[in-house]
Amino acid sequence: MRFPTLTLTLALAAALAMPAMAQSGQQLPQWDQLTADQRETLMSTVRDRWNDAPEHRERMLRHAERWQQMTPAERRSAHHGMKRWRDMSPERREEARALYHRMREMPDAEREALRKRWKEMSPEQRRAWLEANPASE
């Protein structure tokens with residue numbers, strides 16, 4: 001199971017903890033302006049994930065640190081990518097994993113050539129490619 005970034009988890013928890021404000025479109029308050037109960041609600045979500053998955057702690061921390069370094073535009077792009085991933089079928093996710101693992105080690109020119117070839121492949125050709133190039137995790 002994959003865990004979202006620590007900051008994204010906090011943002012989601014904030015929306016859940018303060019539904020009236022979140023639904024009305026009002027801006028949520030700064031951390032200093034939250035009540036002790038609201039802070040505890042937010043932190044308990046993160047604490048539970050942290051405690052339940054010690055094998056994911058390093059990854060969660062890396063994601064939270066990376067999130068803090070992002071610009072607002074990069075955060076919006078990341079949210080969009082997470083939504084696209086969440087909306088994908090399991091088959092499409094497996095395709096994406098396999099392509100990612102293969103492409104991340106390729107030089108730019110080869111990566112672009114595979115992208116172009118992938119778009120032109122039939123479903124049968126894609127299945128054959130995926131069998132020959134499984135995602136490695």
Side-chain angles (χ1 to χ4, degrees):
M1 177 176 202
R2 303 241 180 222
F3 290 93
T5 63
L6 191 59
T7 305
L8 180 59
T9 302
L10 287 173
L12 178 59
L16 294 173
M18 296 172 269
M21 288 184 77
Q23 290 175 358
S24 70
Q26 293 179 5
Q27 189 169 9
L28 297 172
Q30 294 289 321
W31 182 263
D32 300 7
Q33 297 168 332
L34 295 174
T35 66
D37 287 342
Q38 289 170 328
R39 289 181 192 172
E40 177 55 31
T41 298
L42 292 168
M43 293 311 298
S44 66
T45 301
V46 174
R47 184 175 44 244
D48 291 346
R49 285 182 181 251
W50 186 267
N51 289 336
D52 290 345
E55 69 278 9
H56 293 287
R57 288 176 186 166
E58 185 178 336
R59 184 172 182 271
M60 289 171 65
L61 186 57
R62 273 193 331 267
H63 280 224
E65 289 169 345
R66 191 169 58 221
W67 188 262
Q68 291 302 314
Q69 300 302 314
M70 288 181 175
T71 66
E74 290 170 329
R75 288 180 183 180
R76 282 190 299 276
S77 177
H79 276 290
H80 176 71
M82 287 184 282
K83 182 182 179 335
R84 283 185 56 212
W85 182 262
R86 203 175 41 247
D87 294 344
M88 278 185 195
S89 68
E91 296 80 21
R92 289 295 311 257
R93 286 183 187 182
E94 192 56 35
E95 286 179 9
R97 276 189 199 99
L99 284 168
Y100 171 78
H101 286 286
R102 180 80 168 113
M103 288 180 160
R104 72 180 177 181
E105 298 171 358
M106 290 180 163
D108 290 343
E110 287 181 41
R111 185 180 307 130
E112 194 54 42
L114 177 57
R115 239 186 231 117
K116 184 179 179 195
R117 195 170 41 136
W118 182 264
K119 289 178 182 179
E120 295 169 355
M121 286 182 192
S122 69
E124 295 79 23
Q125 291 171 320
R126 288 181 180 182
R127 272 193 293 280
W129 187 93
L130 289 169
E131 288 175 13
N133 299 278
S136 58
E137 284 198 57

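The first residue of the sequence shown is numbered 1, and numbering continues consecutively from there.
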Should the pair [X]-[Y] be classified as a salt bridge under the 4.0 Å nitrogen-to-oxygen rule?
{"X": "Glu95", "Y": "Arg92", "value": "yes"}
{"X": "Arg102", "Y": "Glu110", "value": "no"}
{"X": "Arg127", "Y": "Glu131", "value": "no"}

Check whether any side-chain heavy atom of Gln68 lies under 4.5 Å from a side-chain heavy atom of Arg75, and answer yes or no.
yes
Min side-chain heavy-atom separation Glu112-Arg115 under 4.5 Å
yes
Atom pair [atom1]/[atom2] of [X] and [Y] - distance to nearest 0.5 Å:
{"X": "Leu130", "Y": "Leu99", "atom1": "CG", "atom2": "CG", "result": "6.5 Å"}
{"X": "Glu55", "Y": "Met60", "atom1": "CD", "atom2": "CE", "result": "10.5 Å"}
{"X": "Glu94", "Y": "Glu91", "atom1": "CD", "atom2": "CD", "result": "9.5 Å"}

Who passes salt bridge (charged side-chain N to carboxylate O under 4.0 Å, His left out) against Arg57, sequence neighbours left out?
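If we apply the salt bridge (charged side-chain N to carboxylate O under 4.0 Å, His left out) test to Arg57, skipping adjacent residues, there are no hits.
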Check the pair Arg111, Asp108 against side-chain contact (heavy atoms from CB on, under 4.5 Å), reporting the backbone distance first and the verdict last.
CA-CA 5 Å; Arg111 185 180 307 130; Asp108 290 343; 2.8 Å; yes
As a quick check of understanding, evaluate side-chain contact (heavy atoms from CB on, under 4.5 Å) for Arg66 and His63, giving each step before the final call.
CA-CA 5 Å; Arg66 191 169 58 221; His63 280 224; 3.5 Å; yes
Quick one: do Arg117 and Glu120 satisfy salt bridge (Lys or Arg N to Asp or Glu O under 4.0 Å)? Show the steps, please.
CA-CA 5 Å; Arg117 195 170 41 136; Glu120 295 169 355; over 6 Å; no
Does a sphere of radius 6.0 Å around CD in Gln30 hold more than 12 heavy atoms from other residues, nucleotides or ligands, not counting ones at 6.0 Å or beyond?
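At most 12 heavy atoms, drawn from other residues, nucleotides or ligands, come within 6.0 Å of this atom.
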Can you list the steps and then say if Met106 with Leu114 is a side-chain contact (heavy atoms from CB on, under 4.5 Å)?
CA-CA 10 Å; Met106 290 180 163; Leu114 177 57; 3.6 Å; yes
Closest approach of [X] and [Y], non-hydrogen atoms and distance?
{"X": "Arg39", "Y": "Trp31", "answer": "NH2-O, 3.0 Å"}
{"X": "Pro134", "Y": "Ala98", "answer": "C-CB, 4.4 Å"}
{"X": "Trp67", "Y": "Met82", "answer": "CZ3-CE, 4.2 Å"}
{"X": "Met121", "Y": "Gln125", "answer": "CA-OE1, 3.2 Å"}

Applying ring pair (Phe, Tyr, Trp, His ring centres under 6.0 Å) as the test, list every pair that has at least one member in residues 105-130; sequence neighbours left out.
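Listed by first then second residue: Trp118-Trp129.
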Is there a donor-acceptor pair under 3.5 Å between the side chain of Arg93 and the backbone N or O of Arg86?
yes
Between Ser77 and Ala73 (side chain of the first, backbone of the second, donor and acceptor by atom type, cut-off under 3.5 Å), is there such a pair?
no
